[in-house]
Amino acid sequence: MILGYLVRKINILLFVFIITGCSTVKNNISNLNEVFFKEEVICPLIMTPKGSEELIATSQKNNNTSYIGFRGIKKNCSLSGDKIKMNLAVNLRSVRKNFQNDDLIKLKISLVSTNNNLEEFDRDDFELGFFLKSGSEIVERESNMSVIIPKDGKVYIGLFQN
C-alpha cells in the first residue's frame with residue numbers, strides 16, 4: 001500500500017518535470033531586449049568630451065596619484081524603430097607609481113546620448129570604487145553600461161573623479 005502510494009507520487013512528479021521541461025515560455029528578463037531591439041546595427045561613434053578621456057586621480061586612503069584612462073570599449077547595438085540600444089563593456093586602466101598599499105579611488109563614468117539638437121536623451125552614470133590592490137602597479141576594471149540613442153543622435157562617454 002505504501003509502495004503503491006510512493007510510485008503514484010513519483011509518476012506525478014515525473015509528469016510535472018516532463019511538462020515543465022517542454023514548455024516554450026522563457027522567463028529570462030534579458031530576452032526582453034531581443035523582443036524590442038531585434039535588428040543588430042553598426043554602433044554610432046562614441047565621443048569623449050575634452051578632459052574626460054583620462055585623468056590623474058587622487059586615492060581616498062593614502063592620497064597617492066594614479067593615471068586612469070579608458071583601456072578599451074566593446075560595443076553592441078540593436079535597432080527598434082528609430083531608436084538604437086547600445087550596450088558597452090568599458091575597460092578602465094589605472095597605473096600608479098606608489099603601489100605598496102591597498103588603495104581606493106572613487107570614480108564616475110557617464111554615458112550620455114543626445115538628439116540631433118544636442119539635448120540629453122538618455123544617460124547611464126556608473127559610480128565605482130576602483131580598488132587598487134597592494135603590489136599591483138597596473139589595475140584594470142571592466143564595467144557594463146547601456147544607453148538608448150535616437151537614430152540621428154550622438155553618444156558621449158566621460159570619466160570623472162568623485
Side-chain angles (χ1 to χ4, degrees), residues 23-162:
S23 175
T24 59
V25 176
K26 292 183 180 180
N27 291 326
N28 191 345
I29 297 298
S30 66
N31 288 334
L32 287 177
N33 285 336
E34 294 174 18
V35 172
F36 297 110
F37 295 94
K38 293 183 179 181
E39 182 184 344
E40 193 165 321
V41 294
I42 295 174
C43 291
L45 181 65
I46 301 174
M47 295 171 277
T48 306
K50 187 169 176 85
S52 66
E53 64 273 6
E54 60 186 2
L55 57 92
I56 302 296
T58 305
S59 67
Q60 302 287 312
K61 292 183 180 180
N62 299 311
N63 212 26
N64 291 325
T65 57
S66 295
Y67 162 82
I68 299 183
F70 293 107
R71 173 74 172 139
I73 297 176
K74 296 176 199 165
K75 52 189 178 177
N76 172 314
C77 292
S78 51
L79 178 68
S80 177
D82 62 347
K83 297 192 176 45
I84 298 171
K85 175 154 186 166
M86 178 184 279
N87 295 309
L88 299 179
V90 179
N91 191 14
L92 292 179
R93 174 182 268 188
S94 168
V95 180
R96 59 190 177 145
K97 290 182 182 177
N98 182 359
F99 51 90
Q100 278 61 38
N101 298 316
D102 288 347
D103 227 329
L104 179 70
I105 297 176
K106 300 251 183 181
L107 298 173
K108 178 174 156 181
I109 307 170
S110 290
L111 178 65
V112 178
S113 69
T114 62
N115 60 20
N116 58 357
N117 296 328
L118 297 179
E119 297 167 335
E120 185 175 312
F121 185 81
D122 193 17
R123 168 182 288 269
D124 186 4
D125 288 325
F126 184 73
E127 296 190 26
L128 75 132
F130 202 133
F131 178 71
L132 306 170
K133 179 131 177 84
S134 66
S136 300
E137 179 181 5
I138 298 173
V139 178
E140 292 190 12
R141 165 91 189 258
E142 186 173 281
S143 304
N144 295 319
M145 302 180 79
S146 68
V147 72
I148 305 293
I149 312 155
K151 202 169 187 181
D152 58 348
K154 296 185 180 192
V155 182
Y156 300 90
I157 192 166
L159 182 61
F160 309 93
Q161 183 167 15
N162 288 347

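Just the heavy atoms: all of them, side chains too, but no hydrogens, waters or symmetry mates, feed the values below.
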- Per side chain to side chain contact (heavy atoms under 4.5 Å, CB included), Glu140 is matched among Leu92, Val95, Asn91 by Asn91
- Message: Is there a side-chain contact between Val112 and Val147 in this structure, where contact means two heavy atoms from C-beta onward sitting under 4.5 Å apart?
- Response: no
- Taking the side chain as C-beta and beyond, is there a heavy-atom pair between Asn101 and Lys61 under 4.5 Å? no
- Task: Using a 4.5 Å cut-off on heavy atoms from C-beta on, say whether the side chain of Ile46 contacts that of Leu88.
- Result: yes
- Item | Set of side-chain hydrogen bond (donor to acceptor under 3.5 Å, both in side chains) partners for Asn76, sequence neighbours left out | none
- Would you say the side-chain atoms of Asn117 pair up with the backbone N or O of Glu119, donor to acceptor, closer than 3.5 Å? no
- Message: Contact between Ile56 and Tyr67 at the side-chain level, heavy atoms closer than 4.5 Å - yes or no?
- Response: yes
- Note on the structure: Residues passing the side-chain hydrogen bond (donor to acceptor under 3.5 Å, both in side chains) test with Asp102, sequence neighbours excluded, are Ser134
- Note on the structure: Taken to the nearest 0.5 Å, the spacing of Cys77 SG from Asn87 CG works out to 7.5 Å
- Item | Gap between atom CZ of Arg141 and atom CG of Leu128 - 0.5 Å precision | 5.0 Å
- Query: Under 3.5 Å, is there a donor-acceptor pair between the side chain of Ser59 and the main chain of Asn64?
  - Reply: yes
- Query: Any donor and acceptor pair, going by atom type alone, linking the side chain of Ser113 with main-chain N or O of Asp122 inside 3.5 Å?
  - Reply: yes
- Message: Using only atom types and a distance under 3.5 Å, with no angle test, would you say the side chain of Asp82 pairs donor to acceptor with the backbone of Lys151?
- Response: no
- Contacts of Arg123 that satisfy side-chain hydrogen bond (donor to acceptor under 3.5 Å, both in side chains) - sequence neighbours left out: Glu120, Asp125
- Item | Heavy-atom closest pair, residues Asp103 and Arg96 | CB-NH1, 3.8 Å
- Heavy-atom closest pair (Ser143 atom, Phe126 atom, distance to 0.1 Å) is OG-CE2, 3.1 Å
- Least distance between heavy atoms, Ser52 atom then Ile157 atom: OG-O, 4.0 Å
- Message: Return the CD1 to CD distance between Ile105 and Gln60, rounded to the nearest 0.5 Å.
- Response: 8.5 Å
- Of Ile149, Val41, Leu79, Ile148, the one forming a side chain to side chain contact (heavy atoms under 4.5 Å, CB included) with Lys85 is Ile148
- Query: Roughly how far apart are Ser94 OG and Ile68 CD1, rounded to 0.5 Å?
  - Reply: 4.5 Å
- Do Glu53 side-chain atoms and Gly51 backbone N/O form a donor-acceptor pair below 3.5 Å? yes
- Note on the structure: Distance col, row Glu142:CD vs Arg93:CZ, nearest 0.5 angstrom, shows 13.5 Å
- Note on the structure: Between Tyr156 and the options Thr114, Leu111, Thr48, the side chain to side chain contact (heavy atoms under 4.5 Å, CB included) test singles out Thr114
- Which pair of heavy atoms, one from Met86 and one from Cys43, lies closest together, and at what distance? CE-CB, 3.9 Å
- Task: Could you tell me which non-hydrogen atom of Gln161 sits nearest to which non-hydrogen atom of Lys106, and how far apart they are?
- Result: CG-O, 3.4 Å
